[in-house]
Amino acid sequence: MTADAPAQRILIVGGGIAGLGLATGLAAKGLEVRVVEKTGYVSGSGVGYWAFGLRAFDMLGLCERVIDNAYVVKSAKLCAPDGTVVMEVSAPDLPNTSYPREIVIARPVLADVLLSAARGAGARVDIGVTVEALVDEGRSVSVRFTDGTEGRFDLVVASDGAFSMMRERFFDASIKPDIVEAGCWRALVPLSSPEAEPVVVDGGQYRMFLYPCGHNQMYAGIECSFGEPKRSPEEARARFVSLVEACPHPSVRYMCERVASGSMPVEFRPFNWHFIDKDWSKGRLVLIGDAAHSMSPHLSSGAGMAIEDAAVLADELTRRKPFGSTLQSFLDRRVPRARRACGDARKIFESPPSLESWSAESNIMTDAFKFLGQAP
Ligand SMILES: Cc1cc2nc3c(=O)[nH]c(=O)nc-3n(C[C@H](O)[C@H](O)[C@H](O)COP(=O)(O)OP(=O)(O)OC[C@H]3O[C@@H](n4cnc5c(N)ncnc54)[C@H](O)[C@@H]3O)c2cc1C
């Protein structure tokens, strides 16, 4: 095989949203794909996608399966703590398409959908395995795994998240996400009623949300403008409730009761950002998803950017062009969009959460969507 032959054997390190999405898109087109996923643990509770994220799932043949397992959001009521509805907000439409404007899906459900799609398409997915040693030999990469197996690949894709071991070991160990003293408490609670609709309650220092997310569940969260120490599962549940138990809004009352009486995992995740401006690829290695760019959830775009990376890399690899131009086209298509999404998410984070800032926030979102709405 010549050094510039199209890549056929692909190793994907990290079986999250980007990794399994990519695996599905490549395996479905006949490429040989192996995914190694270190833990199989699904962090977080729910995740929202705007229409441009659904377009990326569509490019990978996954859109219908994702929507079938999600809640389609038409609009959300933005309320004051006393229950007064201040405004009704909805995500922008993606012109000339029929994708829903927004969906919310439980993360464990999405993980199952993606894992069965990747395996169904023919990818080998090994859970509980990672890379032990890796040598880029120019024409291929030889890899030894922690389960004792070995392999030779034409391309290694690192999709191992914001705190990527692959980036640290094989790219630049000095790149670290900027973690701030703010973040989001998250939990999955049972659906309050079949008619339940998305609600956001702005309590000044906190913003609480409760969204149906399919499978008779709701995605509950509290966005906080401060950090939190690590806590045991029981302490985390108590902390979640204590933050908002004084709020009289019925949705918040429901959320507190369910979290207090339930045994579901409750997690605090600090917000973080990083963006690698040019070197997402090095030899036969490439970074995608949060490994290349992480962002707070303010633009609902981290997972959207991750699945777009997967869709665009799958598109480029399955065109069977010379190896070098495949990676270059991928970077040309991805870097400016991800840079813009990271920057806009940070801008929204920096406008303090309050009812007054909501319109400034939606202006940034509307503007960002004009950009993100264009084909990736
Ligand atoms: C509070 C919060 C809420 C969010 N909400 C949204 C939202 O509503 N919408 C949105 O678009 N985005 C949201 N995001 C961002 C979104 O979660 C991420 O952008 C997205 O999960 C990135 O996907 P990924 O596949 O790149 O990485 P990940 O989802 O982090 O997956 C990485 C995978 O790699 C595995 N892994 C790690 N290390 C190794 C290793 N050494 N070897 C093998 N495998 C490894 C991990 O176990 C994991 O499965 C949110 C983020 C936060 C913090």
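Just so you know, ligand 1 is whichever comes first in the structure, and atom 1 is the first atom listed for that ligand.
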> What atoms of ligand 1 come within less than 4.0 Å of a heavy atom belonging to M165?
Replying inline: 41 (N)
>> Counting non-hydrogen protein atoms only, what is the nearest one to atom 31 (O) of ligand 1? Give residue, atom name and distance.
In response: G16 CA, 3.5 Å
> Hey, is R152 close enough to E137 for a salt bridge, meaning N to O under 4.0 Å?
Replying inline: yes
> Any donor-acceptor pair under 3.5 Å linking the side chain of S294 with the backbone of D290?
Replying inline: no
>> Show, in sequence, the C-alpha distance, side-chain angles and deciding distance for S90 and R101, and conclude whether the side-chain hydrogen bond (donor to acceptor under 3.5 Å, both in side chains) test is met.
In response: CA-CA 8 Å; S90 56; R101 290 176 168 192; 3.3 Å; yes
> Are more than 12 heavy atoms from other residues, nucleotides or ligands located less than 6.0 Å from atom NZ of K321?
Replying inline: yes
>> Distance alone, cut at 3.5 Å: any donor-acceptor contact between the side chains of T130 and E132?
In response: no
> Of the protein's non-hydrogen atoms, which lies at the shortest distance from atom 43 (C) of ligand 1, and what is that distance?
Replying inline: K38 N, 3.3 Å
> Looking at ligand 1, does any of its N/O atoms fall within less than 3.5 Å of an N/O of P270?
Replying inline: no
> In terms of atom number and element, which parts of ligand 1 are under 4.0 angstrom from non-hydrogen atoms of A18?
Replying inline: 25 (O), 26 (O)
> Which of the listed options, V47, L114, T146, holds the heavy atom that is closest to atom 7 (C) of ligand 1?
Replying inline: V47
> Centre of F275's six-membered ring, under 6.0 Å away, within 45 degrees of the axis: is that where NZ or CZ of R346 sits?
Replying inline: no
> Which atoms of ligand 1 have any heavy atom of G48 under 4.0 Å away?
Replying inline: 7 (C), 8 (O), 9 (N), 10 (C), 11 (O)
> S301 heavy atoms, cut-off 4.0 Å: which ligand 1 atoms fall inside?
Replying inline: 10 (C), 11 (O)
> Going by the order shown, which atoms of ligand 1 are within less than 4.0 Å of some heavy atom of G289?
Replying inline: 26 (O)
>> Between ligand 1 and E37, is the shortest N or O to N or O distance under 3.5 Å?
In response: yes
> In the single-linkage hydrophobic clustering (I, L, V, M, F, W, Y; side-chain heavy atoms under 4.5 Å), do I179 and M165 co-cluster?
Replying inline: no
> Between the side chain of D202 and the main-chain N/O of R207, is any donor-acceptor distance below 3.5 Å?
Replying inline: no
> For ligand 1, which atoms sit closer than 4.0 Å to a heavy atom of V36?
Replying inline: 43 (C), 44 (N)
> If you measure from each heavy atom of M305 to ligand 1, is any distance below 4.0 Å?
Replying inline: no
> What protein heavy atom sits nearest atom 18 (C) of ligand 1, and how far off is it?
Replying inline: D290 OD2, 3.3 Å
> Should you measure from each heavy atom of S159, which atoms of ligand 1 turn up under 4.0 Å away?
Replying inline: 32 (C), 33 (C), 34 (O)
> Would R65 and T24 count as having a side-chain donor-acceptor pair, cut-off 3.5 Å?
Replying inline: no
> Of all heavy-atom pairs between F268 and A182, which one has the smallest distance, and what is that distance?
Replying inline: CZ-C, 4.0 Å
>> If hydrophobic clusters are built by linking Ile, Leu, Val, Met, Phe, Trp and Tyr wherever their side-chain heavy atoms come under 4.5 Å apart, do F330 and V335 end up in the same one?
In response: yes
>> Tell me the protein heavy atom at minimum distance from atom 13 (C) of ligand 1, and give that distance in Å.
In response: R107 NH2, 3.8 Å
>> Would R284 and F323 count as a cation-pi pair here, with the cationic atom under 6.0 angstrom from the ring centre and within 45° of the axis?
In response: yes
>> If you take the nearest heavy atom of each of G46, G221, A303, A111, which one is closest to atom 12 (N) of ligand 1?
In response: A303
> What residue and atom, counting heavy atoms only, is the protein's closest point to atom 42 (N) of ligand 1, and at what distance?
Replying inline: T130 OG1, 2.6 Å
>> Among all protein heavy atoms in this structure, tell me which lies nearest to atom 53 (C) of ligand 1, with the distance rounded to 0.1 Å.
In response: R269 CG, 3.1 Å
> How about N69 and D112: do any of their side-chain heavy atoms sit closer than 4.5 Å?
Replying inline: no
>> If you measure every N or O of A162 against every N or O of ligand 1, does any of those distances drop under 3.5 Å?
In response: no
> How close does the nearest protein non-hydrogen atom get to atom 28 (P) of ligand 1, and which residue and atom is it?
Replying inline: G161 CA, 4.3 Å
> Considering only protein heavy atoms, which is closest to atom 36 (N) of ligand 1, and at what distance to one decimal place?
Replying inline: D160 CB, 3.8 Å
> A306 heavy atoms, cut-off 4.0 Å: which ligand 1 atoms fall inside?
Replying inline: 22 (C), 23 (O), 26 (O)
